[in-house]
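Taking it in order: structure first as structure tokens, then the write-up.
All values below were derived from every heavy atom in this structure, side-chain atoms included, with hydrogens, water molecules and symmetry-related copies excluded. Along the sequence shown, residues carry numbers from 1.
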Amino acid sequence: MSLRAFAEAVLLADDTLAGRRLDIDIAGADLRGARGAFEPSAFISGRRDRSNVENTAQERLQRGLSNSFDSRVTDFKAGLASRTETGGDVEFAYRIDRYRNNLQPQSLYGREFRSVVGVSVTQPLLRGAGRAFNRAPINIAEYEERLAEEIFRLSVQQRLAHAVGSYIQFQEATERVELLRSSLEVADQLVRTAQRMAALGARPGSVIIEAVVFRDTRRQQLEQARQDMVEARASMRSLLLATEGRLRDGAAPAAVQIRNVPRIGDRALTVPDVESMRNTAFERRSESRIAALRVARDSIRISAAENQMLPQLDITARYDLDGLSDSAQSSVGRAARGPNRVWGVGIELRVPLQGNQRARADHDAARLRRDQSELALVAARQRIANEVESTREAAEGAVRQLESQRALVMSQRELLRSADVQAEGGRMSGIELQRRRLELLQAEEQLLSRKAAAYRARFAIAFTSGRLAEELERD
């Protein structure tokens, strides 16, 4: 199982990330809903009114000395309505009314129709006016969707960092077990050689004691390394089985068995300069991007709150074509051809009498939220800058220690080759040769620790720079 395959399996096993994906879907649904604010709508309505009232003396004179007025009015209305991005409400409508009353001549009884075709507009001039205010819910929803995506990306980066740490820990523990097993074999040979030479009187008995102590120490170290390997494997399995529904007792399913883990890579680590690393981290780290998105979102809310502090000043306008006839069809024709027109223009002003307290409170709250977001942005950038400095210093130290230890191992190998030649020529005892081998194995064990530290530093640089996923792709 490669590191990349393990990381992908961890991401698939994490239900927390599935919840974060749902947050993105929820934000997308909210955005679609916000965009529907300017969706046009069709409407149709019908109404029937009946009245039978007595006429006053003046109404009797106006209505042919009739004592009462019996009226039935049926009207239907259909049209289209929409809100514009400037905040205006526009309505295109057609209305037809049918009149029946006791004043109509018998020849027209129930056959008077009035058709009205027109348009009406209500446009705010101060509060609620302007494209910026009316698109504010859409813009805020867009930022909320981007925030959900960045929070998901941050969760992925953090989960990947845990996966990388557990994987490298298991790699190091596995290789350490192999080195200590080899070292223990050499220590056993050293004990047997010391016992043989002590029996021949070539070496004192203290040599046996030293060899036994060293062997027992290596055996204890091997047991500890095996325990570390078991714990590292358990940590990896816990990441693969992180989902509550997949937790179980006993052996892990075959799909998540930890097998064929490669050795720690020995690729050279290049430490970038601090300026480029810091700029990349500011640009790509989710913490910085989340804080910047919140500042931008809260700035939109401030602008919208400032608009609501203005007085309400609306202008209204309507223009209708009117036609009256004894049939519905001819009334429409008269409305289109006749001289009957109805138009009107109005203006309305509303001013709160106590200083618009609610709007001012909303504005103050919006400004405080933006101040809070700006402080969070500064803190996030400072934290990232500190992480860049510390990570880079640690990486440079890991590179130096790795190169120094690698040179030491090369020297130890040269010494061992020389010792082999001397032992073959009888110029070095078996005890000294085995000690040289043990010294080389100890140096290789230290080299393993340095390689693991450099390997961790490589991914630490990628995580600090916001490029961990890309680094895993190249691994």
Side-chain angles (χ1 to χ4, degrees), residues 32-131 134 312-350:
R32 291 192 298 273
R35 287 173 175 165
F38 305 112
E39 179 183 2
S41 61
F43 63 89
I44 184 171
S45 64
R47 179 171 177 173
R48 180 179 178 88
D49 294 329
R50 168 70 187 271
S51 63
N52 188 359
V53 296
E54 290 184 331
N55 293 325
T56 64
Q58 182 179 358
E59 289 172 342
R60 289 194 188 97
L61 293 176
Q62 295 172 344
R63 295 176 177 176
L65 301 179
S66 175
N67 291 327
S68 64
F69 180 67
D70 187 6
S71 172
R72 298 177 182 144
V73 179
T74 305
D75 70 77
F76 292 94
K77 185 178 181 180
L80 297 174
S82 179
R83 176 178 288 272
T84 67
E85 292 190 359
T86 61
D89 292 319
V90 181
E91 179 182 290
F92 299 91
Y94 167 70
R95 189 182 82 246
I96 183 169
D97 300 332
R98 178 181 178 179
Y99 299 100
R100 299 181 62 180
N101 55 69
N102 59 342
L103 301 181
Q104 293 171 327
Q106 192 64 31
S107 60
L108 289 178
Y109 185 67
R111 296 181 58 190
E112 283 188 302
F113 295 87
R114 182 183 298 276
S115 291
V116 179
V117 181
V119 58
S120 63
V121 178
T122 301
Q123 175 61 51
L125 300 180
L126 294 176
R127 184 194 302 177
R131 190 172 184 271
N134 289 280
Q312 182 178 345
L313 179 63
D314 299 342
I315 186 172
T316 60
R318 61 184 291 263
Y319 186 83
D320 296 333
L321 304 177
D322 186 278
L324 181 66
S325 183
D326 58 358
S327 69
Q329 295 83 353
S330 60
S331 67
V332 175
R334 288 179 62 85
R337 297 188 303 271
N340 301 315
R341 303 288 186 267
V342 179
W343 64 271
V345 177
I347 192 168
E348 180 180 0
L349 174 65
R350 290 176 179 265

Taking side chain to side chain donor-acceptor pair (under 3.5 Å) as the criterion, tell me which of D314, D89, T86 meets it with Q123. T86
Taking every non-hydrogen atom, the tightest pair across A129 and L125: CB-C, 3.7 Å
Taken to the nearest 0.5 Å, the spacing of Y99 OH from S71 OG works out to 9.0 Å
Between D70 and R100 (salt bridge meaning N to carboxylate O under 4.0 Å), is one present in this structure? no
Mind checking the OG-CG spacing from S331 to D322? Nearest 0.5 Å is all I need. 9.0 Å
First locate atom OG1 of T74, then atom CG of D97, and finally report the distance between them rounded to the nearest 0.5 Å. 9.0 Å
Separation of E348 CD from T122 OG1 (nearest 0.5 Å): 9.0 Å
Partner residues of Y94 under the side chain to side chain contact (heavy atoms under 4.5 Å, CB included) criterion, sequence neighbours left out: I96, S115, V117, V332
Main chain of L324, side chain of R334: is a donor-acceptor contact present, judged purely on distance under 3.5 Å? yes
With L80, which residues qualify under side chain to side chain contact (heavy atoms under 4.5 Å, CB included), at least two apart? A42
Holding to side chain to side chain donor-acceptor pair (under 3.5 Å), I want the full list of residues that pass it with R32, two or more places apart in sequence or in another chain. none
Should the heavy atoms of other residues, nucleotides or ligands under 6.0 Å from CZ of F76 be counted, would the total exceed 12? no
For V90, enumerate each residue passing the side chain to side chain contact (heavy atoms under 4.5 Å, CB included) test, keeping only those at least two apart in sequence or located in another chain. T84, F92, V119, V121
I'd like to know whether CZ of R50 has more than 12 heavy-atom contacts from other residues, nucleotides or ligands below 6.0 angstrom. yes
Mind listing the closest non-hydrogen atom pair of F38 and N134 along with its distance? CZ-O, 3.3 Å
First locate atom CZ of R60, then atom OG of S68, and finally report the distance between them rounded to the nearest 0.5 Å. 9.5 Å
Using the salt bridge (charged side-chain N to carboxylate O under 4.0 Å, His left out) criterion, which residues pair with R127? Sequence neighbours excluded. none
Listed partners of N52 passing side chain to side chain donor-acceptor pair (under 3.5 Å), at least two apart: none
First locate atom CZ of R341, then atom CG of D320, and finally report the distance between them rounded to the nearest 0.5 Å. 10.5 Å
Evaluate the criterion side-chain contact (heavy atoms from CB on, under 4.5 Å) for residue pair R318 and V342; output intermediate values, then yes/no. CA-CA 8 Å; R318 61 184 291 263; V342 179; 3.4 Å; yes
